[in-house]
Amino acid sequence: MKSDIEIALEAKMKPIVEIADKLDLSKEDWEPYGHYKAKLSDQLLSKLSSRPRGKIILTTSINPTPAGEGKSTVTVGLGQALNHLNKNAVIALREPSLGPTMGVKGGAAGGGYSQVVPMDEINLHFTGDIHAITTANNALSAFIDNHIHQGNVLNIDPRRVEWKRVLDINDRALREVIVGLGGPVKGVPREDNFTITVASEIMAVLCLANDLKDLKRRLADIVIGYTYDLKPVNVAQLGFEGALTLLLKDALKPNLVQTLENTPAIIHGGPFANIAHGCNSVMATSIAAKLGEYVVTEAGFGADLGAEKFLNIKTRAGEFEPDAVVIVATIRALKMHGGVDKASLETENVAALEKGAQNLKKHIETIQQFNLPFIVAINQFPADTQAEIDFLLEWCKEEGVPVSLVDVFTKGGQGGIDLAEKVVTLCEEKSSSLHHTYELEDSIEEKVQKITKKVYGADGAEFSQKAKKQLKQFEELGYNHLPVCMAKSQYSLSDDPTKLGRPSGFTITVQELRASIGAGFIVALTGDVMTMPGLPKRPAALNMDVTDEGVIKGLF
Ligand code: ADP
């Protein structure tokens, strides 16, 4: 089979004006960014406020493994399949980060015949949103350092500046840096850190904002650090929220593109799910749900991370909830959860599949706790054997769990018709409403305990001395009512990435808390979650090239 980029380059894309027309958008609702991309107006959501909302379908998965799960692929394939059923479906995805694109992950625009296009542009600079976030973030850093240099009226303690610089490239050399070296004219020296842009608070703020006004309010609320007497300092005190909003005004506008089968797709915002909240923007999902009868959207990594945050954080910010959840699993990944190494994945191994299915079982139980209708989608890979497929279908039947075998990777929407039909039925039959894992009135500690016990299956959470002090400090500062954004390894239900399958008898250790007041959540850092990834020994970028004629190579 052809590579993703080869398939994408052969796509028969429609001019973006035709996609906008299909959505019944009028001229002032959107502006073209070239022939195949557009930005939707930030006023569109309020204009559509009286329209009924379409059904929201959330795609999530088991814990990811190097074998691949294909959540984005299934999301795109399902959207296309719904259109085969003559349903007006819109897809809402995250924007890929250049860090993992150049590093290990490969693309984040789907795969095979279920991709969003222009795939190369989406995976690279796209419409510049992530660059705008990098610039806004670093402009604030410069503003803080300048404030300290120019007399420090706010009494900011340079050792307690929490605001970090960012870059959207994996660069381990920037994890710890010292800025302001070189004497009095070069600023006040202090330790600083770089984070990957997609883990920045500004990314989260942009993704959770409902409109320009809400964006400015959230930016104003960002706590950048603390004074010498430990009082929080926010952006409003620096008077910088106006300039930040200005720098982000175009990035706030959701991007419209299409799939290989010309299904409309809104791609906007791209926070990681392990160190950030892992969902595309509230504006993109809300607009998609107003424009389509169905919106298929995705939350990053497994249901323990992306879906948990979608359901506990994003639904509260956007005031909506999914009508159905699709849990993507692959036979390969379940075999890895059952103890098979990557090199042996092509060999049939039903026993390992049976063992690994326990990981799927935990995620099914988690979605059941949220009280949402769901279906398991088995994303079929070429090496899956009939015996393995039969086993997993039978396993789901015995568990009483709805299931669909999908092959949207090789067949496009046609390979997801059965899934689409079952999802439509789930949405139509939904009669219950979402149960959150915790109440906002719970203390920060209670919220963390509930997530670790209910969603991870842990015995509970322990807090380091530093985190314990912060629990007290945050309570005094009045932050208790905020939801919690867990930063945890994506590979395991626990905070130890080597514990695959369904571990039990473990506790989660919260090392540190961070107050993301603009985003409106408290980040709880567990294990060794890296907020600035490094590159692997052989980065994916080594395969990439562009010929003298401008033909792209090796972008997966
Ligand atoms: P996720 O969203 O879970 O990270 P993606 O949908 O981005 O996963 O897919 C990861 C990679 O796996 C992509 O390169 C995609 O082309 C590939 N892939 C996905 N589904 C299949 C499949 N059924 N068969 C072969 N390759 C697949």
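Both counts, for ligands and for their atoms, begin at 1 and track the order of listing. Atom set for the values below is all heavy atoms of this structure, side chains included, hydrogens, waters and symmetry mates excluded.
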Legend entry - Donor-acceptor under 3.5 Å (H337 side chain, G501 main chain): yes
Legend entry - D4, portion touching ligand 1 at heavy-atom distance under 4.0 Å: side chain
Legend entry - From the candidates Q380, K71, Q490, the one that places a heavy atom nearest atom 23 (N) of ligand 1: Q380
Inset, instruction - Flag the pair Q258 / V116 as yes when at least one side-chain heavy-atom distance between them is below 4.5 Å, and no otherwise. - result: no
Inset, instruction - Check ligand 1 against E298 and write out every atom of the ligand that is under 4.0 Å from a heavy-atom position of the residue. - result: 2 (O)
Legend entry - Selection residues 348-365 - residue pairs positive for salt bridge (charged side-chain N to carboxylate O under 4.0 Å, His left out), sequence neighbours left out: K361-E399, E365-R502
Legend entry - Heteroatom distance test (P382, ligand 1): nitrogen or oxygen, under 3.5 angstrom: no
What donor-acceptor contacts under 3.5 angstrom involve side-chain atoms of residues 531-538, with partners at least two apart or in another chain?
residue	atom	partner	partner atom	Å
R538	NH2	N543	OD1	2.8

Legend entry - Residues R514 and E201 bridged, charged N to O under 4.0 Å: no
Legend entry - For G111, the ligand 1 atoms whose distance to one of its heavy atoms is below 4.0 Å: 15 (C), 16 (O)
Legend entry - Test item, Q115 contacting ligand 1 (heavy atom, 4.0 angstrom): no
